**Student:** 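Handing you this structure, nothing more for now.
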Amino acid sequence: MASTPTITPSNWKYDVFLSFRGADTRNSFTSHLYKALCQNQIHAYIDYKLHGGEKIEPALLERIEESYISVVIFSENYADSTFCLRELSKILECMETKGQKVLPVFHQLDPSHVQDLTGSYGDAICKHESDCSSQEVESWRHASKEIANLKGWDSKVIRDETKLIEEIVSDIQKKLQHMPAPSIDSKRIIGMKSRVEDIESLLSFGSTGVLIVGIWGLGGIGKSTTAEAVYHRNSHKFEGHCFFRNVMAESHKHGLVHVLQEILREVLENKDLNIGTKVLPPYIKRMLQRKKVLIVLDDVNSSLDLRDLLGEDGLFGQGSRIIVTSRDWQVLINACEEDNIYEVKNLNEDDALELFSLHAFRQNNPIQGYTELSKSVVSCVEGIPLFLEALGASLYKKTSVEYWESKVAQLRTKIGEDIKKSLEMCFDELNQTEKKIFLDIACFFGWCRRDVLHQTLDLEERSGIDRLTDMCLIKIIDNRIWMHDMLQKLGRQIVHQENVDPRGRSRLWEAEDVYHVLTNHQGTGKVEAISLDMSATKEMNLSPTAFEGIYNLRLFDFHNPNSPDELTRIRLPRGLQFLSNGLRILYWYNYPLKSLPSNFCPEKLVELKMPCSQLEELWNECQPLENLKLMNLSYSSKLSLVNSDLSKVPNLEVLNLAWCCSLVKLPSSIKYCTRLTELDLRKCESLCTLPSSIGCLTQLVKLNLTHCKGLASLPYSICELKCLATLDLELCSELTSLPSSIGELESLVELNLGHCSKLSSLPNSIGELKCLARLYLGYCSKLTSLPDKIGELKYLKELKLHHCLALASLPNSIGELKSLDNLDFYYCLKLASFPDSIGELNCLATLDLKFCSKLASVPDSFGQLKCLSRLDLGYCSELASLPDSFGDLKCLSRLDLCYCLELASLPDSIGELKSLVELNLGYCSKLASLPDSIGKLKCLEMLDLNYCSKLASLPDSIGKLKSLVKLHLSSCSKLASLPDSIGKLKSLAELHLSSCLKLASLPDSIGELKCLPRLDLGYCLKLVSLPDSIGELKSLAKLNLYYCSELASLPDSIGKLKSLVELHLGYCYKLAWLLESIGELKCLVMLNLHHCSELAWLPNSIGKLKSLVELHFGYCYKLAWLPESIGELKCLVMLSLHHCSELTWLPDSIGKLKSLVELHLGYCYKLAWLPESIGELKCLVTLNLHHCSELAWLPDSIGELKCLVMLDLNSCSKLASLPNRIGKLKSLAELYLSSCSKLASLPNSIGELKCLGTLDLNCCSELACLPDSIGKLKSLLELHLSSCSKLACLPNNIGELKCLLRLNLSYCSKLASLPNNIGELKCLVMLNLNSCSELVSLPNSIGELKSLVELHLSSCSKLASLPNNIGKLKSLEKLDLSP
């Protein structure tokens, strides 16, 4: 078979080649498209020569070959030109031989004329037969048909040329993002090749699992540039990808949830995705877990932020890669292995000189006479790219040697102070306007859109942005302004240096400075801009004239990156009298007043953002707002707009009124906002109608009415919104119908009617929406059918009908949706069948029929869905069979048939699914066998047969699945054996056989699975032995043999598993011993042998397990001793021996376990003593000895356990005393001595346990008193003395336990009184004195227990009365006085 043609990055010079008929479109559509491509940094080739149409130049053919994408603009006279037709033939050739992408555009030409060679196009080709060879003319016909039938655009469908061009550019951008990896262009990115190659090596793209790689280095060293180069070279290998810049700055400005949301939107390719919290909902987690993603998190400075952004383990799909750049080593080491952190070093001398020269001379080397001067500059800045670029750009075209020498002298004098000061020279080169823009960006506009910055500048000032770009002081990335944070710091330092007093500075952004200036009414005319993070300031009470002195204010930004529910931080108790009329941007989060100042006349105002405000009305009649383009008043719950005249804002482009719940209607004056492109009315729950004048908004592109629960209908005039592209009516639960005029929305691309629970039908006119690409009808629970006209939506790509519970059938016209890519019928419980026409959906890629429980069969025409890549039939519980035509689905990559309970067999044709990657047959409980043809699925990576309870065997052909990575056979209860061919699955990484109840053995060939890292045989109750070949599984990391209750021994070859990390042998009841070879498992981290009830001894080789961290022997009832070699387990952190009831002693070598943190010895009934060496366990945190009923004493060395936090001695019934050195346990927080029935006293040293929080002495029946030192336990929270039947009194200093919350003295039958100072326990919440039968009275001080919630006095038979001040217990909720 021939290999698939590809264009290699080294072969192309252009992103796009434009093929067009000059006379038709050169000065119109084509020139506009070319301009848009250039504006979006897409390198396009356009031929400017006016050819007569005969001879095509060889150079032009080379340009076609050197392009990644060709855009063919078919126009009326395109075929008149043989020049164009020869281009077309060459483009087809490049498509077929080089894999070039081709996009046809039909400009004022019917596509069928080209596809069928009819009309003027066909006539034109026929005319060439007289003067061109028939072979050549035939090649033009072939090229025309082939290219015209590719997916493209029709200008008669998308009539708005601007919108058409936007769509074409957007599609080209997506294709460029997925193009093959470019070579590392050393001319553009100096010193980059080795960096990128080293990082790509760390990323191990061929391996499975999720890997995090860190990039570490100084500011300006090139971390972001390096990460970006790696990203662009490799993003095409992933299903989802995102490069998120400036994590630190963006999370500080907008909050971490915003950052996470933007990452998810890009990775999941859903620009409308919204999350309100860092905790992701399950459906988003599932989407991420199915995706292999590449994410770059640039400039992270917080380990906590990074943890929240990456989420828990297993969040991203197998093969995902995360790259994190940071200056902080600690941030990276907390996220990834040290070996996966790459340090970016300074450029060497040659590379540094080349980079400097590129910016200073626009060539690779210094020009003659400047070599030594250039070397001097380079030596001053130590090879840091940021400085080299900025200094080089500042010296460009400076040809005076004297000037250069003076700059070198400046640099040399400043090296001793701070190398970053060299950047000040670049700033000094700017004029006043450029300096103003630089400082605005440094202080306020980092990573903002270019057009936002534009709007804050006068027309003549805007060229300054380009100058800053030329000077390498900023970059324009995706139409956003990016400035390195070191340059930001420089800008802020410059502003700080303007004046020691913040009143004399041009810009204020630090919360303390803003607070000082505004609260002291000290603002001056020098202040031009204020930005305040309101979450970082304390509450301010401002006077009405607080802003009066700040009359030159241009930019005003009081933002809050945190929750909208946060309380108001800025108050104006006496109103506000003044705001600067020079304001261009006014952003005031949580504005506290009903209106703006009456004298506020902001003629230059461009953006007004006042989310979460208390505004009720906007402005008075005289305020001129001709420049206002954006108004955001979202979450202003009192805003009504009843008296607001919107004719004052004729140039408004964006109006956001989301969550304005007092908004009952829009003012009719909205008709004057004729330039409005976006109107957001989400969650305006009081909004019942839209004015008919809304039809005057002829430029409106996006209308969002989500969750307008009161909206019952749309006005007929909605049809006049000819530019409307998006109409969102989701959760409009009162909406019963759409007006018939809806069909006149000729530009509508997206219509969302999800959750419109009263919508029972769609108008027939829906078919007139010729541009509609996405139609969402999910959760329209009353929708019973679709109109026949639905088939006329020729450009519909996505149709969502999930949870349409009443939908029972589909119209035959559904097959006419030729562009449909995604069709979702999830949970359509009544949908029982499909029309045969479903097979005509030639572009359908995804079809979701999950939970269509009435679906008993699918039509034979399913096999015609040639583009179908994903088909979900899970939980179609009545589906009994699949048609033979399924084998025709050549593009199918994922087929889900889980829980198809009636499915008894698969058709033989299943083997024809050559692209199938995943096949899920889990819980198909009637499936008894697989067809032999299953072995033909050469691309299959995952086969899930879990819970196929009738499956008795696998076909031998299973061994032919060379790509299989995961094979799940858990709970196949009738599966008795595996075929020998299983060993041929060389790529297998997961084999799950748990709960295969009849599986008695494994084939010898199992040892041939060299890549297998995990083998799960848990609950294989009949498995008697493992084959000797098991030792050949060189990659095996985890072996699970839980509940293999017939397994009596392990093969000696087990010691050959050099990669084994976890070995689970729990509940292997017949396993009596371990072989010496177990000690050869050098990588073993966890060995679990609990409930191995026949295990009586351990081999001495156990001590060779140098990597062992966890060792579990719980419930090994016959284990009587541990070998001395146990002490050699230097990495052991946890040792569990609970319920080892024959264990009588521990070896002295136990003290050598220097890393041990947990030691569990509970229920070791015969353990009579602990070795003195126990005190050498310096890291021990938990020591559990409960129910060690023979333990009579503790060694003195117990006091050496300085890290011990929990000591459990409950039910040690022979323990008569504690060693005095117990008081040296300075970290002890919990001490349990319950039911130590021989314990008569506590040592006085108990009072030295300064961290003790819980002391449990319940049922210590011999304990007659507590030592006086008990009052020293200042951290004690709980003291339990229940059933201490000899305890007659409490020490007087009990009142010193100031933190005590709970005191339990129930059943202390000899306790006659409480000390008076009991009232000093101010934090006490619960006091239990139940069944204190000798208690006669309570002290008066009991009324001082102000925090007491529960007081239990049940069965205190001698207690005759309560003190009078019992009523002072204001927090008391429970008083139990029952007899």
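All figures in this text were calculated on a predicted structure; none of them were measured in a lab.
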**Student:** State, to 0.1 Å, how close Ala536 and Ala511 come at their nearest heavy-atom pair, and which atoms those are.
**Tutor:** O-CB, 3.8 Å

**Student:** If you define the side chain from C-beta out and look only at heavy atoms, does anything of Tyr589 sit under 4.5 Å from Pro611?
**Tutor:** yes

**Student:** Which distance, rounded to the nearest 0.5 Å, do you find between the CG of Leu579 and the CG of Leu596?
**Tutor:** 7.0 Å

**Student:** Check Asp513 with Arg505, please: is the shortest side-chain N to carboxylate O separation under 4.0 Å?
**Tutor:** yes

**Student:** Considering only NZ, NE, NH1 and NH2 on the basic side and carboxylate oxygens on the acidic side, decide whether Arg554 and Glu528 come within less than 4.0 Å.
**Tutor:** yes

**Student:** Heavy-atom count around His32 NE2 within 6.0 Å, excluding the residue itself: above 12?
**Tutor:** yes

**Student:** Is there a donor-acceptor pair closer than 3.5 Å between any side-chain N or O of Ser637 and the backbone N or O of Cys661?
**Tutor:** no

**Student:** Assess whether a salt bridge exists between Glu250 and Lys253, defined as any Lys/Arg side-chain N lying under 4.0 Å from an Asp/Glu carboxylate O.
**Tutor:** no

**Student:** To the nearest 0.5 Å, how far apart are NZ in Lys604 and CG in Leu625?
**Tutor:** 14.5 Å

**Student:** Considering residues at least two apart in sequence or located in another chain, which fulfil the salt bridge (Lys or Arg N to Asp or Glu O under 4.0 Å) criterion with Glu750?
**Tutor:** Arg774

**Student:** Report the residue from Ile437, Ile481, Leu555, Leu439 that forms a side chain to side chain contact (heavy atoms under 4.5 Å, CB included) with Phe445.
**Tutor:** Leu555

**Student:** Indicate the atoms forming the closest heavy-atom contact of Val527 with Pro502, along with that distance.
**Tutor:** CG2-O, 4.4 Å

**Student:** Keeping Arg450 on the side-chain end and Asn479 on the backbone end, is there a donor-acceptor pair under 3.5 Å?
**Tutor:** no

**Student:** A quick test of your reading: do over 12 heavy atoms of other residues, nucleotides or ligands sit less than 6.0 Å from NZ of Lys398?
**Tutor:** yes

**Student:** Without hydrogens or angle criteria, can the side chains of Gln614 and Ser636 be said to hold a donor-acceptor pair below 3.5 Å?
**Tutor:** no

**Student:** Any side-chain heavy-atom pair from Val749 and Lys163 closer than 4.5 angstrom?
**Tutor:** yes

**Student:** Cut-off 3.5 Å, side chains only: do Ser640 and Glu617 have a donor facing an acceptor?
**Tutor:** yes

**Student:** Within a radius of less than 6.0 Å around CD of Glu161, do more than 12 heavy atoms belonging to other residues, nucleotides or ligands occur?
**Tutor:** yes

**Student:** Find the distance between CZ (Phe444) and NE2 (His559) and round it off to the nearest 0.5 Å.
**Tutor:** 10.5 Å

**Student:** So for atom CD, which belongs to Glu603, do other residues, nucleotides or ligands contribute more than 12 heavy atoms lying within a distance under 6.0 Å?
**Tutor:** no

**Student:** Other residues, nucleotides and ligands only: do more than 12 of their heavy atoms fall within 6.0 Å of NZ on Lys722?
**Tutor:** yes

**Student:** Between Glu685 and Cys708, is a side chain to side chain contact (heavy atoms under 4.5 Å, CB included) present by the stated rule, with each step listed?
**Tutor:** CA-CA 5 Å; Glu685 295 182 352; Cys708 291; over 6 Å; no

**Student:** Do Arg571 and Glu539 touch side chain to side chain, with heavy atoms closer than 4.5 Å?
**Tutor:** yes

**Student:** Return the set of residues passing salt bridge (Lys or Arg N to Asp or Glu O under 4.0 Å) with Glu266 (not counting sequence neighbours), or none when no residue passes.
**Tutor:** none

**Student:** Just one of Arg507, Arg584, Arg492 clears the salt bridge (Lys or Arg N to Asp or Glu O under 4.0 Å) bar with Asp440, so which one?
**Tutor:** Arg507

**Student:** Using a 3.5 Å distance criterion without hydrogens, assess whether the side chain of Glu653 forms a donor-acceptor pair with backbone atoms of Leu676.
**Tutor:** no

**Student:** Applying side chain to side chain contact (heavy atoms under 4.5 Å, CB included) to Ile570 and Met534, what does each step give before you reach the verdict?
**Tutor:** CA-CA 8 Å; Ile570 297 178; Met534 293 172 70; 4.1 Å; yes

**Student:** Between the side chain of Arg682 and the main-chain N/O of Trp659, is any donor-acceptor distance below 3.5 Å?
**Tutor:** no

**Student:** So, does Ser580 use its side chain to make a donor-acceptor pair with the main chain of Leu553 at under 3.5 Å?
**Tutor:** yes

**Student:** Testing the basics here: between Leu586 and Met610, what is the closest heavy-atom pair and its distance to 0.1 Å?
**Tutor:** CD2-CE, 4.5 Å

**Student:** Under a 4.5 Å cut-off applied to non-hydrogen side-chain atoms, are Val701 and Thr726 in contact?
**Tutor:** no

**Student:** Got a donor-acceptor contact below 3.5 angstrom from the Ser531 side chain to the Trp509 backbone?
**Tutor:** no

**Student:** By the definition side chain to side chain donor-acceptor pair (under 3.5 Å), identify the one residue from His521, Arg574, Gln577 that meets it with Thr545.
**Tutor:** His521

**Student:** Considering residues, nucleotides and ligands other than Arg675, do more than 12 of their heavy atoms fall under 6.0 Å from its CZ?
**Tutor:** no

**Student:** How long is the gap from OG1 on Thr225 to CD on Glu228, to the nearest 0.5 Å?
**Tutor:** 6.5 Å

**Student:** Counting only N and O atoms by type, is there a donor-acceptor contact under 3.5 Å from the side chain of Thr469 to the main-chain atoms of Ile465?
**Tutor:** yes

**Student:** Report the distance from atom OG of Ser717 to atom CG of Leu690, rounding to the nearest 0.5 Å.
**Tutor:** 8.5 Å

**Student:** Less than 4.0 Å between a side-chain N and a carboxylate O, is that true for Glu461 and Lys436?
**Tutor:** yes

**Student:** Can you confirm whether Lys526 is buried at NZ, in the sense that more than 12 heavy atoms of other residues, nucleotides or ligands lie under 6.0 Å from that atom?
**Tutor:** no

**Student:** Tell me the closest heavy-atom pair linking Met483 and Leu487, and the distance in Å.
**Tutor:** CG-CB, 3.7 Å

**Student:** Check for me whether the distance between the ring centres of Phe578 and Tyr551 falls short of 6.0 Å.
**Tutor:** no

**Student:** Is the closest side-chain donor-acceptor distance between Asn274 and Arg265 under 3.5 Å?
**Tutor:** yes

**Student:** Determine whether Leu630 and Leu608 make a side-chain contact, defined as any pair of heavy atoms from C-beta on separated by less than 4.5 Å.
**Tutor:** no

**Student:** State whether a side-chain donor-acceptor pair under 3.5 Å links Thr325 with Asp299.
**Tutor:** no

**Student:** At what distance, to the nearest 0.5 angstrom, does CD1 of Ile530 lie from CZ of Phe556?
**Tutor:** 6.5 Å

**Student:** Check Pro691 against Ile670 and note the closest heavy-atom contact, atom names and distance.
**Tutor:** CG-CG2, 4.3 Å

**Student:** Checking Ile718 against Leu703 for the side chain to side chain contact (heavy atoms under 4.5 Å, CB included) test, could you report, in this order, the C-alpha distance in whole Å, the side-chain angles of both residues, the deciding distance, and whether it holds?
**Tutor:** CA-CA 11 Å; Ile718 197 92; Leu703 175 57; 4.1 Å; yes

**Student:** Counting C-beta onward and ignoring hydrogens, is there a side-chain heavy-atom pair between Leu681 and Leu666 closer than 4.5 Å?
**Tutor:** yes

**Student:** Between Asn704 and Thr706, is there a donor-acceptor pair closer than 3.5 Å when you use the side chain of the first and the backbone of the second?
**Tutor:** yes

**Student:** Give the C-alpha distance, both sets of side-chain angles, the deciding distance and a yes or no for side chain to side chain contact (heavy atoms under 4.5 Å, CB included) between Cys673 and Leu655.
**Tutor:** CA-CA 10 Å; Cys673 300; Leu655 176 57; 6.0 Å; no

**Student:** Is the number of heavy atoms from other residues, nucleotides or ligands under 6.0 Å of Lys435 NZ greater than 12?
**Tutor:** yes

**Student:** At their closest point, which heavy atom of Leu628 faces which heavy atom of Val606, and how far apart are they?
**Tutor:** CD1-O, 3.5 Å

**Student:** Indicate yes or no for a side-chain donor-acceptor contact from Ser613 to the backbone of Tyr591 under 3.5 Å, with no hydrogens or angles considered.
**Tutor:** no

**Student:** Determine whether the aromatic ring centres of Tyr587 and Phe558 lie less than 6.0 Å apart.
**Tutor:** no

**Student:** Strictly distance-based, threshold 3.5 Å: is any side-chain N or O of Asp680 a donor or acceptor partner for the main-chain N or O of Leu657?
**Tutor:** no

**Student:** What I'd like to find out is whether the side chain of Leu705 reaches to under 4.5 Å of the side chain of Asp728, using heavy atoms alone.
**Tutor:** no

